[in-house]
Structure formats: C-alpha cells, structure tokens
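Throughout, numbering of the chain's residues begins at 1 and tracks the sequence.
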Amino acid sequence: MKKLELKASALNTRYFTKNMLYSVFLKATSRSFYAPLIIAIIICSLISIILVGTLSLIGFIIALIIFVIVIKLVFNANKPMSIEDFSSYYKRWVDAGRNNNYLINKPKLKNPPAKCQENDIFNYGAERIIVVDDPLFVDCLILNDEHMRSKSLIVSKDGYPLYLKNQFKILLEQADNIPVLLLHATKLNKVKMVLAIEKNFNVKLNPKQVYDIGYYEEQIKQAKPLHKRMRITKCAVDMLPYPLSTQLMSKDKSQLQDLLVLGAATAASTYVSFALADDFG
C-alpha cells in the first residue's frame with residue numbers, strides 16, 4: 001500500500017484521491033489473460049482425451065464439467081478487485097495510522113488555500129472555466145496548482161468551492177464566449193452536467209461555449225491502451241491516469257472545437273497521448 005501511495009503521489013509531490021490510488025492498484029495487479037487461458041485449454045484438452053478414451057461418454061461429461069470449472073476460474077482470477085473491496089482494505093491501512101498527508105479524502109476548500117492565490121488568475125484573466133463532477137477532484141486539481149497552469153477557474157457542478165461561486169458568475173457575465181469545459185465520470189453526460197451547473201450556479205450557459213471533455217464507456221473501450229490499463233469501463237474521472245485529464249484541460253480553442261465536431265472519443269484520441277496511461281506520474 002505504501003508503494004501505491006508513492007506512485008499515486010508522484011513520490012509525495014502531488015495530492016491524490018482514493019480513486020487515483022485504486023487506479024494505480026489496477027495497473028500494478030493487471031495480469032496477462034490469454035496465456036493462462038491457452039494453458040488451461042491445453043490441459044483440459046489432454047484430460048478430455050484421457051477421460052473419453054477410458055470412460056467413453058461418462059468421461060466426456062466429466063471432462064466437460066472440468067473444462068467449464070477451469071475456464072470460470074481463469075475468468076474470475078483476471079477480474080479486478082472492486083473499488084468497494086479496495087476501499088475496505090485501504091480503510092484498515094488508514095485506521096492503523098498510516099495515512100498519507102497528500103491523500104484527499106474529504107473536501108477541504110471551504111476557504112481559499114493559503115498557498116494558492118486564485119486572485120493571480122483573474123489579474124491576467126482566466127482563459128476557461130472547468131467544471132468537474134466531484135468536489136474531491138476539485139481539491140486535487142487546485143491543490144496541485146492545475147488552475148494556475150491552465151489559467152482556469154475550477155469548480156464542481158454542485159457549486160463547490162463556495163468562495164469561487166460568485167467569480168464563476170462574474171466570468172460568464174464579462175466574457176459570454178469563455179469556454180466552459182465539462183469533466184465528468186462515465187455515469188454522467190453533457191446534458192446532466194449543464195442542468196446541474198445552471199441550477200446550482202443560477203446561470204444560463206450558451207451551448208456554443210460548452211465543451212464536453214468528460215469520459216464515456218465507448219471512449220475508454222476505443223482507447224485500447226487505456227482500457228488495457230483500467231480493465232474496467234465504468235469509472236470516475238480520478239480513476240483515470242492523472243495526466244490524461246490535465247492534457248484535455250489545457251487544449252486551445254481550436255482543439256476544443258474539434259471535440260464538438262469530431263466527438264469526444266475521436267478528438268481525445270487525436271489530442272491526448274494515451275501512452276501516459278502507463279505512467280501515472
């Protein structure tokens with residue numbers, strides 16, 4: 001678990017969430033599926049030949065039962081541990097007093113963080129607004145200074161953090177064409193995100209300024225390196241390798257426009273290096 005924390009935190013230089021830790025765990029425990037399957041089929045075939053040759057029909061039935069059981073065991077062995085089970089193990093680690101200081105396990109930005117001066121962004125102008133679906137990921141991005149690197153205002157769809165809520169509305173009023181980027185999990189979509197934003201911020205978004213850079217199951221399936229790494233298609237944004245999301249956040253307007261024209265999956269494959277899926281840091 002300590003090794004997983006070091007990997008997720010880039011050697012204790014970056015804040016991370018439990019979902020990020022789970023993502024590192026999936027990568028660390030991934031195994032080849034085809035090799036065990038081929039070996040199992042060969043062994044079952046040899047056993048079948050012996051049983052059918054000695055016991056005839058009864059041997060064939062026994063061999064068939066053995067084959068089904070072995071194949072099922074191979075599939076179950078390759079199935080990744082669920083986030084719920086992993087969380088229970090990690091809770092035991094934390095309860096034992098081994099919690100990492102860079103872990104974000106609850107929203108903390110009720111007030112502006114001391115080391116981050118959001119006012120600096122607005123002095124030279126925020127270039128975009130990024131809305132994510134999880135307050136924890138807002139903390140992660142802001143505490144890691146991603147708002148400064150991408151010159152962005154970062155909030156969650158439910159209006160968190162509260163101290164940036166007014167600034168969100170001011171930016172929309174001052175620049176009605178400012179890009180609003182939606183970064184969400186596979187369980188959400190552009191329509192649900194926009195409805196939540198308009199309700200919680202009491203604003204009306206122009207469809208032409210909204211760019212969906214969120215993730216969908218189809219997108220993850222199409223991105224083979226990412227799918228191979230994750231071994232799941234339903235996931236939260238922070239379960240995906242950290243650099244993938246930050247790459248999308250930093251794209252210029254012309255590339256963001258391609259997200260609308262080509263579709264998120266196609267454009268993301270063009271403008272995002274999925275090779276980073278094998279390097280969490």
Side-chain angles (χ1 to χ4, degrees), residues 1-33 77-109 113-116 130 132-150 152 154 156 160-161 183-186 215 220 223-250 268 272-281:
M1 196 67 77
K2 184 66 175 178
K3 289 181 179 179
L4 295 179
E5 287 183 335
L6 288 173
K7 184 70 173 176
S9 64
L11 300 178
N12 290 333
T13 60
R14 185 178 64 212
Y15 290 90
F16 66 96
T17 65
K18 185 174 61 181
N19 284 343
M20 288 181 173
L21 196 67
Y22 177 61
S23 177
V24 175
F25 168 76
L26 288 180
K27 175 66 166 57
T29 57
S30 63
R31 296 181 296 273
S32 172
F33 172 71
N78 193 65
K79 186 178 180 181
M81 180 187 293
S82 67
I83 180 66
E84 291 79 16
D85 289 340
F86 178 79
S87 297
S88 66
Y89 281 109
Y90 192 60
K91 185 177 184 300
R92 290 167 58 186
W93 172 265
V94 173
D95 289 345
R98 300 186 179 96
N99 188 20
N100 189 293
N101 291 332
Y102 286 86
L103 172 70
I104 301 173
N105 53 12
K106 60 182 179 180
K108 301 176 181 179
L109 298 180
K115 73 166 189 171
C116 300
I130 297 171
V132 301
D133 57 358
D134 185 359
L136 287 183
F137 198 50
V138 172
D139 282 34
C140 182
L141 293 173
I142 292 179
L143 292 176
N144 287 328
D145 295 330
E146 294 298 342
H147 61 306
M148 301 294 290
R149 294 188 186 95
S150 59
S152 306
I154 303 177
S156 73
Y160 173 87
L183 191 55
H184 58 78
T186 54
Y215 295 102
I220 295 176
K224 293 183 180 180
L226 184 59
H227 190 199
K228 181 180 179 181
R229 181 197 194 283
M230 293 295 301
R231 295 186 292 156
I232 54 176
T233 56
K234 295 182 179 180
C235 59
V237 172
D238 53 345
M239 283 184 189
L240 298 168
Y242 185 82
L244 296 183
S245 298
T246 54
Q247 280 184 94
L248 284 172
M249 286 165 45
S250 302
V272 175
S273 172
F274 284 103
L276 289 173
D278 288 325
D279 182 7
F280 201 85

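- Using a 4.5 Å cut-off on side-chain heavy atoms (C-beta onward), Tyr215 and Cys235 make no contact.
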Inset, instruction - Verify side-chain contact (heavy atoms from CB on, under 4.5 Å) between Asp139 and Tyr160, making sure each step is shown before the conclusion. - result: CA-CA 10 Å; Asp139 282 34; Tyr160 173 87; 2.5 Å; yes

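- Looking at residues two or more places apart in sequence or on another chain, you find a side chain to side chain contact (heavy atoms under 4.5 Å, CB included) between Asp85 and Met81, Ser82.
- Under the 4.5 Å side-chain criterion, counting only non-hydrogen atoms from C-beta, Phe16 is not in contact with Asp238.
- In this structure, Val237 and Asp133 have side chains that are in contact, with non-hydrogen atoms separated by less than 4.5 Å.
- Here the CG atom belonging to Asn12 is positioned 5.0 Å from the CG atom belonging to Asn100, to the nearest 0.5 angstrom.
- Listed here is the closest heavy atom pair of Ile130 and Ser150: CD1-OG, 4.2 Å.
- When the ring pair (Phe, Tyr, Trp, His ring centres under 6.0 Å) test is applied to Phe86, the partners found at least two apart in sequence or on another chain are Tyr22, Phe25.
- Tyr15 OH to Leu136 CG: the interatomic distance, rounded to the nearest 0.5 Å, is 14.0 Å.
- Annotation for Val132 and Phe137: closest pair CG1-CD2, 4.0 Å, computed over non-hydrogen atoms.
- Remark: Leu141 CG to Ser156 OG distance equals 11.5 Å, nearest 0.5 Å.
- The side-chain heavy atoms of Pro135 and Lys106, taken from C-beta on, include no pair separated by under 4.5 Å.
- Note that CG of Leu143 and CZ of Arg14 are 13.0 Å apart. Values are rounded to the nearest 0.5 Å.
- Residue Ile83 comes nearest to Ser87 through the heavy atom pair O-OG, 2.7 Å, listed as atom of the first residue, atom of the second, then distance.
- Shortest non-hydrogen contact noted between Pro161 and Val138 is CD-CG1, 3.8 Å.
- Rounded to the nearest 0.5 angstrom, Met239 CE and Lys234 NZ are separated by 12.5 Å.
- Between Lys108 and Leu103, the closest heavy-atom pair is NZ-O, 3.7 Å.
- Scanning for side chain to side chain donor-acceptor pair (under 3.5 Å) contacts around Asp95 gives Lys91, with sequence neighbours left out.
- Here the OH atom belonging to Tyr102 is positioned 16.0 Å from the OG1 atom belonging to Thr17, to the nearest 0.5 angstrom.
- For Trp93 (side chain) and Met1 (main-chain N/O), no donor-acceptor pair under 3.5 Å exists by modelled atom type.
- The two residues Ala10 and Thr13 come nearest to each other via the heavy atoms O-OG1, 2.6 Å.
- Using a 4.5 Å cut-off on side-chain heavy atoms (C-beta onward), Glu5 and Leu21 make contact.
- Residues forming a side chain to side chain donor-acceptor pair (under 3.5 Å) with Thr186 (at least two apart in sequence, or on another chain): none.
- Applying the salt bridge (Lys or Arg N to Asp or Glu O under 4.0 Å) test to Glu146 and every residue at least two apart in sequence or in another chain returns Arg149.
- Arg92 is linked by a side chain to side chain contact (heavy atoms under 4.5 Å, CB included) to Tyr89, counting only residues two or more places apart in sequence or in another chain.
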